[in-house]
K.L.:
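Take a look at this one; I'll ask things after.
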Amino acid sequence: TETTLKGPVMILLQGQGLARTFADEVLFENITIHIQENSRIAIVGRNGTGKSTLLKMLAGIEEPSLGAVSKKKDLSIGYLDQYAAIQSSRTVWEEMVHLFEDVETLKKQAQKAAEQLGDPDLLSDPVAYELALKRYDQLQEELNQKNAYGYESEIRTVLHGFRFYPEDYDQPIQSLSGGQRTRLALARILLEKHDLLILDEPTNHLDIETLTWLEDYLRSSSSALVIVSHDQYFLDRVCNEVYEISHKACEYYKGNYSHYLEEREQRYLLKQKAYEKQQQEIHDLEEFIAKNLVRASTTKRAQSRRKKLEKMERLEKPKGDQRSARFEFTVERESGNQVLQVTDAYIGYDHEALSGPISFQLRRREAIAIVGPNGIGKSTLLKSITGELPLIEGSIQLGAGVQVGYYDQNLAGLSSNQTVLEELWSRHSTMPEKDIRSILGSFLFSGNDVEKTTAQLSGGEKARLALCKLSLEHDNFLLLDEPTNHLDIDSKEVLEDALIDYDGTICFVSHDRFFINKVATAILEIEETGSTLYLGDYDYYLEKKQEKEELAALQEAKDAPLATAQPMTEAKASYHASKEEQRQIRTLTRRIEQLETEMHDIETALEQVHEAMTLEENYSDPDKSAALSTEEGALLERQETLLAEWEEASLALEEFNP
């Protein structure tokens with residue numbers, strides 16, 4: 001049920017005693033959550049604990065089995081499903097601008113109101129003029145609140161943050177990939193400016209650069225946030241409250257994700273200590289009663305202690321972590337010291353390069369993480385190393401004795417018509433069934449789970465099965481494409497430990513910065529013009545990249561002629577041409593922002609002039625009244641000039657085709 005909160009309270013929404021049950025099975029129960037105007041809440045817990053279900057209850061999409069959700073009157077809620085993707089017949093730009101139709105209507109009303117203020121008949125009627133002026137001021141206030149003259153700039157900012165550029169604006173949404181439509185759905189919900197954002201896995205399909213932008217955007221947002229995510233870095237930067245769903249119940253922690261982990265461990269130890277202390281007390285009481293109840297001299301003392309024991313409120317034994325998977329990767333035989341050499345490689349499809357030249361080498365027991373924007377060819381590089389895709393140019397050389405194991409993020413290696421048991425047994429037919437079942441059990445497949453077909457498995461279960469298959473191959477060189485996708489945080493931690501303990505060599509693609517930082521010994525960044533190797537973990541990469549960008553910014557003017565003078569391949573020449581066009585786009589964008597700022601200043605000045613016109617000391621004085629009218633005319637003329645220039649610049653930007 002849903003009721004409306006009354007009174008001036010800071011709480012936007014709250015759930016009291018929420019439960020979800022299916023027949024006799026309880027998913028969770030007695031959950032209470034409070035969401036305030038400035039809340040930044042993370043909902044965490046293992047896959048299957050009901051996090052997404054709880055979000056749907058808070059968003060009003062599902063009704064709780066028990067309990068109630070109460071919300072502030074007229075609360076605006078934006079809900080993003082983890083599988084959300086825009087379905088629309090509009091273009092990218094049309095879809096975003098459509099959100100501001102009411103603003104355009106207001107602008108027309110304000111323009112009409114401004115024209116009425118210049119009507120001679122109205123000027124001769126002070127009462128009517130004052131009412132018209134008040135109406136105009138109200139419209140201007142509404143326009144300012146809705147950022148009427150800056151919303152297109154805001155649209156461009158958000159689209160750019162999600163890696164949609166001016167050349168993408170006219171693209172029909174129906175022609176976009178699923179990942180692009182998901183990113184666009186998130187862009188739309190941010191532009192809608194809700195009081196409360198409820199986001200289920202908003203970091204899916206985002207590369208590292210976009211993740212960082214989204215974190216900064218949400219941190220500066222005025223909306224309250226409730227987020228489910230498996231990205232620990234993201235939760236640490238954005239959230240300052242954590243609700244953990246575990247063992248069908250919910251526990252609250254004040255602080256970010258890292259603080260939650262520490263506090264959870266401390267609470268568990270305190271509960272365990274209190275439980276053990278009480279158990280010892282119970283044992284001592286029971287022992288005393290047993291020895292002294294039948295003795296005449298001590299029977300009263302024994303009876304007293306028995307009453308104490310009966311009245312004692314028994315503490316439940318603290319529930320530790322639920323059973324975790326046990327990943328382990330071992331090497332059957334070692335490779336040579338030189339595992340991989342990539343030299344001047346251009347990667348791509350159908351003779352069209354996505355990136356290049358890429359050069360790096362990998363030695364035994366090193367772990368290199370490949371990072372870069374979506375679509376740059378990270379997965380393509382892995383497939384080229386396996387031999388599945390040919391290089392456009394360059395060479396890839398595997399070292400002596402190298403055995404390659406490959407984890408595909410699309411899990412294409414699983415057979416949909418086989419059971420979990422058959423998936424392993426068909427590959428290792430000589431292994432006893434009990435051994436197969438034991439290995440599957442370590443990856444959390446037990447009982448009837450092994451009789452499910454892979455088509456019946458969840459994304460997380462498929463990922464664990466693919467990792468289980470990989471562990472049985474005992475390869476000495478692992479190529480992993482987004483191995484943490486679909487895994488909950490606990491399973492990711494187990495995988496991290498398994499890879500850290502692995503005696504082989506690892507080359508992996510991941511957007512999970514926490515995972516990269518734990519596993520990688522080097523970072524390979526891929527860009528359109530090639531690659532850069534950073535010999536350190538993710539924190540080291542960030543530090544060096546920032547230094548590099550600061551240096552490049554200082555030397556850009558000096559280095560630009562040198563770059564032009566250098567001989568360039570066709571790919572490099574195309575890249576620099578693109579960079580020049582991007583500079584033109586940035587120039588137009590900056591000019592539009594300047595025009596919008598000046599138009600806003602003029603609106604403010606007009607409001608001040610109109611306010612001065614309403615003062616008796618001014619409208620009763622012909623000279624002052626004339627001066628104010630002249631000033632108003634000049635401002636309106638300047639406003640019209642700026643608007644024409646703004647429309648011209650906006651049109652140039654929208655029609656720009658790099």
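Numbers here are sequence positions counted from 1.
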K.L.:
Please enumerate all residues that pass ring pair (Phe, Tyr, Trp, His ring centres under 6.0 Å) together with Trp213, with sequence neighbours excluded.
P.N.:
Phe162, Tyr217
K.L.:
Parallel, tilted or perpendicular for Trp93 and Tyr169, by the 30°/60° rule?
P.N.:
parallel
K.L.:
Please confirm whether Arg464 makes a cation-pi placement over Phe445, using NZ or CZ under 6.0 Å from the six-membered ring centre and within 45° of the ring normal.
P.N.:
yes
K.L.:
Distance check, rounded to the nearest 0.5 Å: Leu444 atom CG versus Leu465 atom CG?
P.N.:
12.0 Å
K.L.:
Between Phe508 and Phe515, what is the ring plane arrangement, given parallel below 30°, perpendicular above 60°, and tilted in between?
P.N.:
perpendicular
K.L.:
To the nearest 0.5 Å, how far apart are CD1 in Ile173 and CD in Glu95?
P.N.:
4.0 Å
K.L.:
What salt bridge (charged side-chain N to carboxylate O under 4.0 Å, His left out) pairs are there with at least one residue in residues 382-411, not counting sequence neighbours?
P.N.:
none
K.L.:
In plain terms, say whether Asp200 and Lys51 are close enough for a salt bridge, that is, a side-chain N and a carboxylate O under 4.0 Å apart.
P.N.:
no
K.L.:
For Gln174, enumerate each residue passing the side chain to side chain donor-acceptor pair (under 3.5 Å) test, keeping only those at least two apart in sequence or located in another chain.
P.N.:
none
K.L.:
As a test of understanding, state which of Thr505, Val331, Leu470 forms a side chain to side chain contact (heavy atoms under 4.5 Å, CB included) with Asp475.
P.N.:
Leu470
K.L.:
Could you tell me if Thr454 and Glu423 have a donor-acceptor pair between their side chains, going purely by distance under 3.5 Å?
P.N.:
no
K.L.:
So, are Arg267 and Glu244 salt-bridged, with charged N and O less than 4.0 Å apart?
P.N.:
no
